[in-house]
There are 2 protein chains.
Amino acid sequence: MLPALENYLQFIQQIHPLSPESIEAILPFLAQRNFYKKEFLVRQGNISDELHFILSGCVREYFEDANTDEINTWFGFENAVAVSTHSFFSQKPSLTNIQALEDTETIVIKHGDLQKLFNQFHEIERLGRLLAEQYLIQMEEIKIILQTLSAKQRYEYLLQHKPEFIKRIPLKYLASFLGIKLETLSRVRGQK
Amino acid sequence: MLPALENYLQFIQQIHPLSPESIEAILPFLAQRNFYKKEFLVRQGNISDELHFILSGCVREYFEDANTDEINTWFGFENAVAVSTHSFFSQKPSLTNIQALEDTETIVIKHGDLQKLFNQFHEIERLGRLLAEQYLIQMEEIKIILQTLSAKQRYEYLLQHKPEFIKRIPLKYLASFLGIKLETLSRVRGQK
DNA sequence: ATAAGTATTTGATAAATGTCAAATAAAATG
DNA sequence: CATTTTATTTGACATTTATCAAATACTTAT
């Protein structure tokens with residue numbers, strides 16, 4: 001039916017193996033979506049009723065602060081789930097944008113359809129729980145980076161633990177993600 | 001059976017209403033625990049197999065960094081769930097301590113018992129999912145504070161959004177939570 | 001390949017935060 | 001209540017990071 005589902009199904013099975021019946025039930029609700037570079041998966045102010053699994057490409061999540069500076073909050077690559085958490089969970093207007101940084105292919109599932117699947121299949125609800133737990137752990141890790149490291153140490157953290165960030169994401173976006181200014185990031189890169 | 005369960009049950013029902021059967025099933029697995037000030041609910045290095053609901057009192061979560069400074073990562077008061085997320089979710093050694101800041105009463109449930117309840121009752125699994133989602137949203141909020149605000153703005157955020165933190169938590173603990181030094185926090189308080 | 005636009009680097013300086021030491025204030029203990 | 005311990009504030013100074021401006025490097029589109 002839908003091509004390129006292998007990665008998607010593998011991603012799911014690795015978080016929580018599902019029965020063939022559950023898989024069968026999910027498939028009709030999936031759709032592939034393609035975004036050109038700079039297109040938006042999610043728009044600030046809109047209710048985000050879609051959860052994306054990234055097949056290929058790369059996205060950033062960001063919002064505009066009081067000074068209309070862009071603050072980048074999250075980056076996602078192949079085989080990651082991209083979602084405006086607050087908006088998707090609570091079905092309220094999104095505080096953030098999610099934008100393709102490269103041409104990007106995703107598989108989407110609608111909030112309403114996912115709720116139906118949660119109702120119908122306990123094991124899909126479990127998958128949801130485990131996914132939320134994993135996401136939470138990742139968030140805590142980044143929080144501790146911001147809480148404890150200097151500008152230089154933050155950059156070194158990326159080098160060691162998120163090398164793909166440095167390869168694929170412009171520095172101007174990485175800076176606000178790291179909570180520092182572009183010029184500082186540039187200088188810190190020069191050192192050592 | 002167990003006194004002081006009202007708050008606990010109310011907390012649960014407000015996240016996700018449970019049937020009487022589920023409630024009945026949970027009760028036998030709950031136990032009340034009391035901690036004197038400075039006692040530990042969770043110890044760094046141990047596998048944390050207990051999830052605490054705080055009935056009264058207040059706790060901090062922290063770890064020791066390379067310089068043996070204490071980094072405070074989380075504070076919890078009445079009607080909050082206190083848990084070393086990474087350790088509890090994955091049943092690996094905890095990266096953090098959780099310590100009572102005041103004499104504290106909690107209701108605990110064991111990891112193994114909770115898994116049984118998850119298996120048995122879909123709606124309890126849903127409760128778990130929703131709780132993880134809520135926790136995640138809170139974590140993201142704090143992350144953005146650390147990413148975007150100056151020392152003074154961080155303190156003002158606490159004043160406005162977490163006044164109980166300032167009332168009940170010593171500044172020396174709040175400082176590392178805010179990612180700044182004690183002296184800076186003290187100075188920033190004086191201004192304005 | 002060239003021009004226009006965008007991204008990154010560099011320099012000079014200002015502002016914010018950290019460090020170390022000491023003073024004061026507050027809390028805990030006998 | 002007096003004493004000891006712990007927490008917070010203050011001061012002088014060092015270091016880090018931000019700001020503003022400009023130069024250079026890199027991309028993109030023609």
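Numbered from 1 within each chain, the chains take letters A, B, ... in sequence-line order.
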Donor-acceptor pair under 3.5 Å, A/Arg187 side chain vs C/dG11 base: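 Per atom types, the contact qualifies.
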I want to check something: taking the side chain as every heavy atom from C-beta on, are [X] and [Y] in contact at a cut-off of under 4.5 Å?
| X | Y | value |
| --- | --- | --- |
| B/Asp103 | B/Asn34 | no |
| A/Leu178 | A/Tyr173 | no |
| A/Ile144 | B/Ile71 | no |

Pairing residues for B/Leu159 by the side chain to side chain contact (heavy atoms under 4.5 Å, CB included) criterion, not counting sequence neighbours: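 B/Leu159: side chain to side chain contact (heavy atoms under 4.5 Å, CB included) contacts with B/Tyr155, B/Ile166.
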Starting at atom [atom1] of [X], determine the distance to atom [atom2] of [N], rounded to an integer number of angstrom.
| X | N | atom1 | atom2 | answer |
| --- | --- | --- | --- | --- |
| A/Lys152 | D/dT15 | NZ | C1' | 13 Å |
| A/Ile180 | C/dA16 | CD1 | C1' | 15 Å |
| B/Tyr155 | C/dT17 | OH | P | 15 Å |
| B/Leu171 | C/dA25 | CG | C1' | 12 Å |
| A/Tyr36 | D/dT28 | OH | P | 16 Å |
| B/Arg189 | D/dT10 | CZ | C1' | 14 Å |
| A/Lys172 | D/dT27 | NZ | C1' | 12 Å |
| A/Leu174 | C/dA7 | CG | C1' | 12 Å |

Whichever of B/Ser186 and B/Lys38 has its nearest DNA chain D nucleotide further upstream toward 5':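 This one resolves to B/Lys38.
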Nearest-nucleotide comparison on DNA chain D, the residue closer to the 5′ end among B/Ile169 and A/Leu185: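 Closest to the 5' end, via its nearest nucleotide, is B/Ile169.
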From OG (A/Ser56) to CZ (A/Phe77), nearest 0.5 Å: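 Separation between the atoms: 13.0 Å.
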Nearest-0.5 Å distance, CD of residue B/Glu140 to OG1 of residue A/Thr73: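 It is 7.5 Å, given to the nearest 0.5 Å.
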B/Arg33/B/Glu105 salt bridge by N-O under 4.0 Å criterion: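 B/Arg33 and B/Glu105: not salt-bridged.
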Given DNA chain C, 5'-ward residue of the pair B/Leu182 and B/Lys37, judged by closest heavy atom: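 Upstream on the strand: B/Leu182.
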Residue A/Glu183, side-chain atoms from C-beta onward, closest of C/dG18, C/dT8, D/dT19: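 Nearest listed nucleotide: D/dT19.
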Inter-end axis angle, the helix from C/dA1-D/dT30 to C/dG30-D/dC1, with every axis fitted to five base pairs (rounded, 10 degrees):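 End axes: 60° apart.
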Under 4.0 angstrom between B/Lys181 side-chain N/O and C/dT17 OP1 or OP2: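 So the side chain of B/Lys181 is outside the cut-off, no N or O lying under 4.0 Å from OP1 or OP2 of C/dT17.
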B/Asn97 side chain vs B/Gln99 backbone, donor-acceptor pair below 3.5 Å: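 Looks like no, no N/O pair under 3.5 Å.
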Of residues 144-151 of chain A, the positions that come close to DNA chain D - non-hydrogen atoms, cut-off under 4.0 Å: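 Close to the strand are A/Ser150, A/Ala151.
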Working for salt bridge (Lys or Arg N to Asp or Glu O under 4.0 Å), residues B/Glu125 and B/Arg129: CA-CA 6 Å; B/Glu125 183 105 42; B/Arg129 172 177 64 86; over 6 Å; no
